[in-house]
Amino acid sequence: MSAAKHTPGPWRVLPGESDKDYLRVRGTRLGQRYKVANVVGVTSIPSRKEMDDAETAANARLIAEAPGLLVALQLLLIAYREAVKLYDPNTDDAFTVTARSAIAKATEGES
């Protein structure tokens, strides 16, 4: 079975709406909008609202940048492996293992 593809990037965080308790992350492709995620705050405690709003916004920004981060990691892994080949082509170090694992989880749904 082949893994489903993610919504193509770029993704962006839409401005907050006063009647919504979440931020929307959307992707666009050929003029169409694609819902990626609604990022909901984790608390309804008034004394934590400002901190919760900031955390929700940070989470939404991280989600929105996911396609760019994936491409950057893929390119970094290629460059790194090329550099390592100069010294030891059989190196399978922590960076390589971790990067491959993260890329596989993002692209193939592996855990």
Side-chain angles (χ1 to χ4, degrees):
M1 172 190 331
S2 65
K5 300 278 184 188
H6 64 76
T7 301
W11 298 349
R12 68 184 188 100
V13 179
L14 298 182
E17 300 174 47
S18 61
D19 63 330
K20 306 280 191 256
D21 64 348
Y22 56 85
L23 292 174
R24 295 177 187 195
V25 178
R26 291 274 170 106
T28 59
R29 185 174 179 189
L30 300 176
Q32 297 181 1
R33 298 182 328 173
Y34 295 90
K35 179 174 154 181
V36 174
N38 289 336
V39 184
V40 180
V42 295
T43 186
S44 59
I45 302 168
S47 63
R48 281 195 38 96
K49 178 142 179 46
E50 187 174 319
M51 186 178 357
D52 184 53
D53 288 350
E55 184 176 318
T56 300
N59 290 339
R61 289 190 306 271
L62 181 59
I63 291 167
E65 192 50 41
L69 292 169
L70 175 60
V71 170
L73 181 59
Q74 290 168 326
L75 294 173
L76 185 58
L77 180 60
I78 290 167
Y80 178 78
R81 292 301 293 161
E82 288 301 312
V84 168
K85 278 187 201 175
L86 298 174
Y87 302 103
D88 182 0
N90 299 314
T91 298
D92 210 14
D93 58 22
F95 171 75
T96 302
V97 171
T98 303
R100 284 183 182 155
S101 175
I103 292 167
K105 288 176 185 177
T107 60
E108 302 166 13
E110 293 181 8
S111 54

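The analysis underlying the following values was restricted to heavy atoms, covering all of them including side chains, and did not include hydrogens, waters or symmetry mates.
Minimum interatomic distance between Ala106 and Leu70 (heavy atoms only, all atoms of both residues): CB-CD1, 4.1 Å. When all heavy atoms are compared, the tightest approach of Val36 to Gly27 is CG2-N, 3.7 Å. Residues Lys35 and Thr7 come closest through the heavy atom pair O-OG1, 4.4 Å. Of all the heavy atoms in Val39 and Val25, the pair that sits closest is CG2-CG2, 4.0 Å. Of all heavy-atom pairs spanning Ile103 and Leu77, the tightest one is CD1-CD2, 3.9 Å. Closest of all the heavy-atom pairs between Ile63 and Trp11 is O-CE3, 3.0 Å.
Leu69 places a side-chain heavy atom less than 4.5 Å from the side chain of Leu62. Lys20 has its side chain out of reach of Asn38: every pair of non-hydrogen atoms, C-beta onward, lies at least 4.5 Å apart.
A donor-acceptor pair is defined here as one N or O able to donate and one able to accept, closer than 3.5 Å; no such pair exists between the side chain of Ser101 and the backbone of Val97.
Side-chain N/O atoms of Thr96 and Asp93 include a donor and acceptor closer than 3.5 Å.
With rounding to the nearest 0.5 Å, the separation of CZ in Phe95 from CG in Leu73 is 5.5 Å. The structure places CG of Leu76 at 12.0 Å from CZ of Arg81, a figure rounded to the nearest 0.5 Å.
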